[in-house]
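Notes for the one structure printed next.
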Number of protein chains: 2
Amino acid sequence: MRIVKEAEERRNEILDAADELFSQKGFDGTSTNDILEKVGIARGTLYYHFKSKEDIMDALIERYNVRLLDAAREIAAEKSVPVNVRILRAVMALNMSGGSGEEIMEHIHKPQNALMHQKIQRAILNGVVPILADLIREGIEQGLFKTPFPYECMEMVVAYANAVFDGDMVELTDEERLTRIQAFVFNVERLLGAESGSLMFVMQMFTGGEGDGHE
Amino acid sequence: MRIVKEAEERRNEILDAADELFSQKGFDGTSTNDILEKVGIARGTLYYHFKSKEDIMDALIERYNVRLLDAAREIAAEKSVPVNVRILRAVMALNMSGGSGEEIMEHIHKPQNALMHQKIQRAILNGVVPILADLIREGIEQGLFKTPFPYECMEMVVAYANAVFDGDMVELTDEERLTRIQAFVFNVERLLGAESGSLMFVMQMFTGGEGDGHE
DNA sequence: TATTACCGATAGACAGTCGGTCGGTAAAAA
DNA sequence: TTTTTACCGACCGACTGTCTATCGGTAATA
């Protein structure tokens with residue numbers, strides 16, 4: 001009944017289990033015993049690898065954020081793609097969970113996981129906004145946008161997207177949602193000082209297919 | 001050792017105690033025992049008046065939201081005051097805690113109280129935005145603003161204010177904060193289609209005194 | 001090669017705390 | 001008196017985090 005593994009492997013096992021459990025039942029709703037059983041380890045083992053239950057959550061968030069920011073950076077660096085498309089993709093990567101093909105975000109937007117949610121959002125706000133702001137500056141050089149506050153603009157956009165495009169949207173009809181998105185695009189254009197309608201191509205994302213699959 | 005009071009009085013005693021404790025130590029950090037001791041009642045009494053610990057939080061939030069929204073509505077109704085000033089005051093009433101002279105909000109913005117924070121923000125977003133949107137429409141009629149999406153504009157503004165002007169700002173220098181606010185005002189002007197500089201009077205609030213004391 | 005000493009990883013019993021319940025009781029109202 | 005309202009505090013199960021003991025591999029030593 002004694003299975004020894006390398007520390008990192010165990011750590012990841014625990015994180016994977018916790019990820020799934022927190023997703024299903026929330027942080028508070030998941031007991032450490034749940035995690036123990038799922039991984040098949042004893043109490044001591046868990047607390048050998050993590051100093052507390054919250055420590056597990058923090059590690060989970062860290063892991064998630066790294067993936068998310070890496071994805072965003074990668075998108076931003078693809079210089080062959082037009083700036084506005086890159087911006088769109090980078091923003092999309094926040095709500096849908098990046099190219100990795102995981103569905104972590106879904107779970108996080110539940111009243112239960114408020115703290116996790118908050119921690120992630122802070123990290124996103126501080127991590128993604130600079131990336132986006134750089135893209136905006138690129139757009140400004142190209143004459144696409146015109147604003148003295150690229151950073152603060154994106155901060156606003158991301159904060160809004162975080163607050164509203166999470167869970168709250170679910171209980172809207174398709175039509176209402178469409179209006180919401182139209183208004184969003186319109187407002188972003190104004191914020192960026194973009195030509196009216198120049199970002200409307202974004203709408204395709206929501207009406208038509210799910211992007212183009214390339215990466 | 002047995003003190004009998006009217007239900008509502010006890011309820012409020014409990015809420016007041018919980019308010020203070022949650023503020024200091026957060027929701028999870030506060031045990032029901034803490035509350036019992038502070039109020040000076042027995043376990044059973046607490047659960048006679050509230051069905052759970054979270055029920056206490058919800059009641060607390062409800063109480064807070066009512067005050068906040070009432071304050072906002074009152075401000076908005078003061079037709080003798082120019083629209084843009086009313087808007088400003090209504091927004092201010094969100095972060096500073098309205099005219100009532102209480103300091104609830106201060107506490108709420110702590111990593112601990114994530115859930116409470118979240119619940120309040122949702123309520124604010126759904127409650128205050130319509131009030132503000134009406135003010136914007138009034139401003140549109142007067143030719144101050146020009147936007148097809150008054151509601152969504154304010155939604156964005158409030159969401160941003162909630163996300164960024166909470167706690168995050170604390171660790172900034174005065175100068176950085178000023179830039180932040182300048183950018184904010186600038187962006188709001190753009191969103192509302194207001195004349196450039198027409199909302200800059202807001203800056204006085206942050207540089208100069210704390211408003212005019214009238215109500 | 002055989003022995004010793006050490007260390008990372010694991011186990012599980014255990015203590016302490018916490019949220020919530022329950023049966024009973026005092027006081028007020030009817 | 002009877003009924004209702006408010007209150008009490010012992011009690012329960014569940015949970016998190018701690019502590020000590022131990023297993024198995026590995027490197028130094030004989």
Side-chain angles (χ1 to χ4, degrees), chain A residues 1-61 110-116 119, chain B residues 1-62 110-116 118-119:
Chain A
M1 262 309 182
R2 188 192 175 85
I3 303 163
V4 180
K5 301 188 177 177
E6 285 212 352
E8 197 179 319
E9 191 181 347
R10 256 295 132 76
R11 252 184 87 90
N12 277 325
E13 278 183 19
I14 294 171
L15 286 179
D16 289 338
D19 190 3
E20 197 169 329
L21 287 169
F22 290 171
S23 310
Q24 292 164 3
K25 317 203 284 180
F27 179 76
D28 289 331
T30 302
S31 74
T32 48
N33 277 323
D34 291 338
I35 302 177
L36 301 184
E37 283 174 27
K38 180 142 196 159
V39 183
I41 55 174
R43 263 195 110 53
T45 309
L46 183 83
Y47 282 90
Y48 174 78
H49 292 283
F50 296 92
K51 80 177 225 295
S52 71
K53 193 183 167 191
E54 186 164 4
D55 190 34
I56 298 177
M57 181 175 72
D58 288 338
L60 216 45
I61 292 175
K110 288 179 184 173
Q112 311 157 338
N113 307 23
L115 182 58
M116 205 179 343
K119 284 187 175 179
Chain B
M1 261 308 186
R2 192 187 179 89
I3 303 164
V4 180
K5 300 188 179 178
E6 285 211 352
E8 197 181 319
E9 190 180 348
R10 255 297 133 76
R11 251 184 89 91
N12 277 324
E13 278 183 18
I14 295 172
L15 286 179
D16 289 338
D19 189 4
E20 197 169 330
L21 288 169
F22 290 171
S23 310
Q24 292 164 2
K25 316 203 284 180
F27 180 75
D28 288 332
T30 302
S31 73
T32 49
N33 276 322
D34 292 337
I35 302 178
L36 301 184
E37 283 175 26
K38 180 143 195 157
V39 183
I41 55 173
R43 271 198 99 56
T45 309
L46 183 82
Y47 282 89
Y48 175 77
H49 293 282
F50 296 91
K51 79 179 226 294
S52 72
K53 192 185 170 191
E54 186 163 3
D55 190 34
I56 298 177
M57 182 175 71
D58 287 338
L60 216 46
I61 292 174
E62 173 66 19
K110 288 179 183 171
Q112 311 158 337
N113 307 25
L115 183 57
M116 202 176 351
Q118 199 188 57
K119 284 187 175 181

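Per chain, numbering begins at 1; letters A, B, ... match sequence-line order.
- Atom CD1 in I41(A) sits roughly 15 Å away from atom C1' in dG8(C) (whole-Å rounding).
- When the shell of 6.0 Å around CD of E9(B) is examined, it contains more than 12 heavy atoms from other residues, nucleotides or ligands.
- Side-chain atoms of R43(B) lie closest to dC11(D) of the nucleotides dC11(D), dT10(C), dT16(D).
- For residues 5-15 of chain B, proximity to DNA chain D is found at K5(B), A7(B), R10(B), defined as any non-hydrogen atom under 4.0 angstrom from a strand atom.
- For residues 36-50 of chain A, every residue pair satisfying the salt bridge (charged side-chain N to carboxylate O under 4.0 Å, His left out) rule, not counting sequence neighbours, is listed here: E20(A)-K38(A).
- For D16(B), the salt bridge (charged side-chain N to carboxylate O under 4.0 Å, His left out) criterion is met by R63(B), not counting sequence neighbours.
- Between the base of dA27(C) and the side chain of R2(B) there is no donor-acceptor pair shorter than 3.5 Å.
- Map H49(A) and Y47(B) each onto its nearest nucleotide of DNA chain C; the residue landing nearer the 5' end is H49(A).
- Separating the CD1 atom of I3(B) from the C1' atom of dT5(D) is a distance of 17 Å, rounded to the nearest angstrom.
- For K53(B), taking side-chain heavy atoms from C-beta onward, the closest of the listed nucleotides dT10(C), dG19(C), dC7(D) is dG19(C).
- Taking side-chain N and O atoms only, T32(A) has a distance below 4.0 Å to OP1 or OP2 of dT16(D).
- With sequence neighbours left out, the side chain to side chain donor-acceptor pair (under 3.5 Å) criterion links K5(A) to E13(A).
- Dashed line: the shortest gap from a side-chain N or O of Y48(A) to OP1 or OP2 of dA9(C) is under 4.0 Å.
- Side-chain atoms of S52(A) lie closest to dG17(D) of the nucleotides dG17(D), dC8(D), dA11(C).
- Here the C1' atom of nucleotide dC18(C) and the CG atom of L21(B) are 15 Å apart, to the nearest Å.
- Here S31(B) does not reach the OP1 or OP2 of dT17(C): none of its side-chain N or O atoms lies under 4.0 Å away.
- Closest to the side chain of N33(A), from the set dC15(D), dA6(D), dG17(D), is dC15(D).
- Within 4.0 Å of L46(B), counting heavy atoms only, lies no atom of the nucleic acid at all.
- Along DNA chain C, the nucleotide nearest to T45(A) and the one nearest to D34(B) differ in position, and the one closer to the 5' end is contacted by T45(A).
- Remark: Y48(B) pairs with no residue by the side chain to side chain contact (heavy atoms under 4.5 Å, CB included) rule, at least two apart or across chains.
- Applying the side chain to side chain donor-acceptor pair (under 3.5 Å) test to S31(B) and every residue at least two apart in sequence or in another chain returns D34(B).
- Here the C1' atom of nucleotide dC18(C) and the CD atom of E54(B) are 15 Å apart, to the nearest Å.
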